[in-house]
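Everything numeric here is computed off the predicted structure, so don't read it as measured data.
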Amino acid sequence: MADRQAADGEASNSARVGASTSADGKTDTSPHSGTGGPAGGGVDPRVPLERLFRDLDAGPDGLSAAEAGRRLASYGRNELRRQRRRGWWRELGRQLIHPLALLLWVAAVLAWVAGTPALALAILVVIALNALFASVQERQAERAVEALTRYLPQRARVRRDGRWQEVPAADLVPGDVLAVDEGDRISADARLIEGSVEVDLSALTGESQPVYRDADAPATAGGPTEAANLVFSGTNCLGGGARALVHATGMRTELGRIAALSQRVGREESPLEKQVRRVAWLIAAVAVGAGLVFFPIGVFAAGMPISDAFAFAIGLLVANVPEGLLPTITLALAVGVRQLARTGAVVKRLSAVETLGSTDVICTDKTGTLTENRMRVVAVRAADTLHDPAPGPGTRPEPALHALAEAVAACNNADPEGGDPTEVAPLRFAADLGVTDTGHPGRRAQFTFDPKLRLMSTVDERDGRLWLHTKGAPEEVLRRCDRVLIADGAERPLDEAYRRELDAAVTAQAGQGRRVLGVARRRLVAAPAGRADAERELTFLGFVAMVDPPRPEVPEAVARCHTAGIRIIMVTGDHGLTAAAIARQVGIVRGEPSVVTGDRLDAMSGAELSRLLGERREVVFARVSPEAKLHIAEALRANHEVVAMTGDGVNDAPALRRADIGVAMGRSGTDVTREAGTMILTDDNFATIVAAVAAGRRVYDNVRKFILYIFAHATPEVVPFLIFALSAGAVPLPLTVMQILAIDLGTETLPALALGREPAEPGLMDRPPRRRSDKVVNGPMLARAWGFLGLISAVLVMAGFFAVLLRAGWTPGAPTGPGSPLHDAYREATTMTFLGIVACQIGTAFAARTEHASLRRIGVFSNRLLLWGIAFELAFAALIVGLPPLGEVFGTRPPEPAMLALLLVFPPIVWGADELRRAARRRR
């Protein structure tokens, strides 16, 4: 588990207040009709417990699996009925009022007014198809995110068939006995039957302060949430431990009642989508402005009829509108989310994908994230002797060593088969010495692990005597000790000289990268009144030192971060020397780092911490509380750095929410942190964070690639209209509006989508993170799209247009309208313009695949989807030109073979020019 539970200062997160015992009395009968609690209207959970058991036909030992199955069939799954999605017609309507769609609406109205209903109808078809396509992509993205829930199955621990089992939370039924432990998200409405817990009810009440719930609390008046012995679905257990009887599930819970009355909040736009929407308004302004400027030019300078001038203005509008831009971005982000999930990183928001790509700093835990989380005890000190933790067969441990083993077994709540490795390792060490404490029959009370105190204690009865057993950070344990146990089992005062000797022994172990756990005990006369009264005047028993080796893949991932300009800061509850040793082993630090302890951090002001982090020194934060993570995240953000912060414990949640990317542990983390996190690691592995950052960079780059590709075609679509206007009509219009629609809707879309799947460009993790202020559409991109690729394409396209006309004997000003001798040649020329843009699109697609590297490095055939997209656009263009009915609609006529052969050089010219530009840039 994460380092808040590290043994040198991190006792078990599973420590609970109050001993757990089981009771007899299971009743397996059919479910009581109407069960469902206040929200369900059948059972009042505030009645006396015996009556509630009777009403629910249940017992303190839970249900049988067969009975639970019958009740599940009767009551249904413990799930909230999904809020009905926004109707397809609403989603379609949202797409129809997008700024780009509004621009096309204006064009359609103009076409109708100008007396060209066929053109107006064509534009309306484009609006409808584009809105339909965008709606489909929105739904696909929505489904992609919803599908990720299978990576995060919600589980609950219940009593079935007389034993504790983990079952899917959706399978809970009224009558189940549920375990409620620290860090759990409570899965159903339930009545506490033993124990006590602190619960965050903010999901139901809006109150941020936790509330105390106790099985023995008396019934109170008021609403259900005010009852001091009830807990509710969707809330979080912040501390303690209890057992509870489920009385309501699914839509019968309080949360279900609220869900039935509430409306789901609409989808929030990501920063990237907001940027693109602003760009859309900019494009709309440019398009309208161009139409308004060139309309009078067409009427007065070119002598065009009003209807032709309208058609001209409409053409400018349509040529400037990248219809497929937004749905392509949505799909690219959704694909990025799904690809990240396959690497082990579940991203809960589409917008987080782009944020990942700009991460400057990763603040990481140590245990389980950088290390394997497979602990084993390698050294034990009891009294004055350092022992081998694996004694030979038949060896009888000396009294001091046996007392230490008894203490670590008693002060422990781990499951030896699958619990927290930090807790399991001492249990196995104790078992090797013949000490087991299965079920803790003598436990009378316990004090939950406190991340600030870094201690856990239990009160246990042994042989008629009452003992306090304590374990935690060695320095915290020693601070509360005034005596020490010696080899023969006697005690002697703990003087300053011996304290220094013990400190040196702990430091020596920590310096080897080992985690050290201090252990102490105290004989009690009576149960203590409170924690402060209990954890004092202790007798020090010794310590255990454990090793958790680094994950083998972490050093390479750390090296990738350094190359990518990403700083890594270790934030751990471990001893400073342990943390520094691991940091050196995996390459986070290269020399002796500055180790900042929790005490020093707490004494720092916000400005001092920001200044320390701003110096970009190699820093390791050790012995820090989870609350300190929040201050670190705030200080880094104050320095305008994009922060990814890992966490697993309940108290890590504020830091995860404050960080730009909160990274929750999927395996060892609590439900609370998984709720707070932006990204969840299904393997708890630091290398997965780095892979996610790389994937975020790749998705962001791909978004820029297809935006570049789409924008590059605006120039060859607009230039023909400008030539027509500036020549005062002497040059006939080289491209029709219908042909523009065929390009933007038919030939452009699939290659753009394929660029969204482009593999990572070489050197992706060799460049520094992008700044928070960087725009997805910036000046250099527009210069490359409009002024370089677009201009080259426009020159080639117009060369093809004039080549056809001049070959047919055309001279400037010669008539080309219907019935004229040059009309067929004019149709061939506009077709040549159309096909020239399609050919240039192929060259632009290959050029857009890389921003820095050469195409040879990434491979011509590495993106097969792009090849299929190009094949589709060629087939689509061939149909428009080759089929006579479509030729009449789009005004096309097949050019002569010699002219078609000319098109073959267009793609390599466009791509080759950009390849030379990138080569020159690399040389600079």
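- With rounding to the nearest 0.5 Å, the separation of OG in Ser457 from CZ in Arg480 is 8.5 Å.
- Counting non-hydrogen atoms of neighbouring residues, nucleotides and ligands closer than 6.0 angstrom, the CZ atom of Arg536 exceeds 12 such neighbours.
- Within the 4.5 Å cutoff, no side-chain heavy atoms of Phe543 are placed close to those of Leu517.
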From CA spacing to verdict: salt bridge (charged side-chain N to carboxylate O under 4.0 Å, His left out), Arg454, Glu475: CA-CA 10 Å; Arg454 300 200 297 277; Glu475 63 270 26; 3.3 Å; yes
Verdict with supporting geometry, Thr539 and Arg522, side chain to side chain contact (heavy atoms under 4.5 Å, CB included): CA-CA 6 Å; Thr539 299; Arg522 176 188 169 200; 6.0 Å; no
Working for side chain to side chain contact (heavy atoms under 4.5 Å, CB included), residues Ile193 and Phe53: CA-CA 10 Å; Ile193 57 178; Phe53 277 125; 4.1 Å; yes
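- For the pair Thr507 (side chain) and Asp503 (backbone), a donor-acceptor distance under 3.5 Å is present.
- Interatomic distance, Asn229 CG to Leu52 CG, rounded to the nearest 0.5 Å: 9.5 Å.
- Between Leu370 and Pro550 there is no side-chain heavy-atom pair separated by less than 4.5 Å.
- Taking the charged nitrogens against the carboxylate oxygens, Arg160 and Glu166 have no contact shorter than 4.0 Å, which rules out a salt bridge.
- In this structure, Arg492 is positioned above the aromatic face of Tyr498, its NZ or CZ under 6.0 Å from the six-membered ring centre and within 45° of the axis.
- A 4.5 Å side-chain heavy-atom check between Leu524 and Val459 finds at least one atom pair inside the cut-off.
- A distance of 10.5 Å separates CE in Met456 from CD in Glu535, rounded to the nearest 0.5 Å.
- Residues Leu468 and Leu538 come closest through the heavy atom pair CD2-CD2, 3.7 Å.
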Test log, rule salt bridge (charged side-chain N to carboxylate O under 4.0 Å, His left out), inputs Asp365 and Lys629: CA-CA 10 Å; Asp365 287 327; Lys629 288 186 175 183; 2.7 Å; yes
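- Using a cut-off of 4.0 Å between Lys/Arg side-chain N and Asp/Glu carboxylate O, Lys471 and Glu476 are scored as not salt-bridged.
- Under the 4.5 Å side-chain criterion, counting only non-hydrogen atoms from C-beta, Arg374 is not in contact with Thr371.
- Of all the heavy atoms in Ala382 and Glu398, the pair that sits closest is O-OE2, 4.1 Å.
- More than 12 heavy atoms of other residues, nucleotides or ligands lie within 6.0 Å of CZ in Arg531, so this atom counts as buried by the packing criterion.
- Atom CG of Asn412 sits about 3.5 Å away from atom CG of Leu427, to the nearest 0.5 Å.
- A heavy-atom distance below 4.5 Å is found between the side chains of Leu433 and Leu401.
- The main-chain N or O of Ala410 is found under 3.5 Å from a side-chain atom of Arg443 such that the two form a donor-acceptor pair.
- Between the Asp463 side chain and the Arg465 main chain, no donor and acceptor come within less than 3.5 Å of each other.
- Between Phe429 and Val380 there is a side-chain heavy-atom pair separated by less than 4.5 Å.
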Stepwise salt bridge (charged side-chain N to carboxylate O under 4.0 Å, His left out) test for Asp548 and Arg514: CA-CA 7 Å; Asp548 182 13; Arg514 297 173 176 177; over 6 Å; no
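- Side-chain contact check for Arg191 versus Val246: every heavy-atom pair is 4.5 Å or farther apart.
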Test log, rule side chain to side chain contact (heavy atoms under 4.5 Å, CB included), inputs Leu466 and Arg523: CA-CA 6 Å; Leu466 207 58; Arg523 173 78 181 277; 6.0 Å; no
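- The environment of CZ in Arg483 is crowded: more than 12 heavy-atom neighbours from other residues, nucleotides or ligands sit within 6.0 Å.
- With respect to Arg163 and Asp161, no salt bridge is recorded, no charged nitrogen being found less than 4.0 Å from a carboxylate O.
- Between Asp599 and Thr597, the side chains place no donor N or O within less than 3.5 Å of an acceptor N or O (distance only, hydrogens not considered).
- Under 4.0 Å is where a charged nitrogen must lie from a carboxylate oxygen, and between Asp55 and Arg51 at least one such pair does.
- Across all their heavy atoms, Ala379 and Gln509 have their closest contact at CB-OE1, 3.9 Å.
- Note that CE of Met645 and OG1 of Thr364 are 10.0 Å apart. Values are rounded to the nearest 0.5 Å.
- Between the CZ atom in Phe232 and the CG atom in Asp189 there is a gap of 6.0 Å [rounded to 0.5 Å].
- Nearest heavy-atom pair across Phe540 and Ala520 is CA-CB, 4.1 Å.
- Under the 3.5 Å distance criterion, the side-chain polar atoms of Asp184 are left unmatched by any main-chain donor or acceptor of Ile186.
- With hydrogens and angles disregarded, no donor-acceptor distance shorter than 3.5 Å links the side chain of Arg46 to the backbone of Leu230.
- Counting heavy atoms from C-beta on, the side chains of Asp176 and Arg159 never come closer than 4.5 Å.
- A donor-acceptor pair is defined here as one N or O able to donate and one able to accept, closer than 3.5 Å; no such pair exists between the side chain of Arg381 and the backbone of Leu386.
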Intermediate values then yes/no, side chain to side chain contact (heavy atoms under 4.5 Å, CB included), Leu192 and Asp214: CA-CA 7 Å; Leu192 298 185; Asp214 191 288; 5.5 Å; no
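- Side chain to side chain, Asp460 and His440 fail the donor-acceptor criterion of an N or O pair below 3.5 Å.
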Verdict with supporting geometry, Asp181 and Arg243, salt bridge (charged side-chain N to carboxylate O under 4.0 Å, His left out): CA-CA 9 Å; Asp181 294 326; Arg243 304 296 171 256; 3.5 Å; yes
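- Between Ala188 and Leu172 the shortest heavy-atom distance is CB-CD1, 4.1 Å.
- Nearest approach of Ala58 to Leu245, heavy atoms of both residues: CB-CD1, 4.2 Å.
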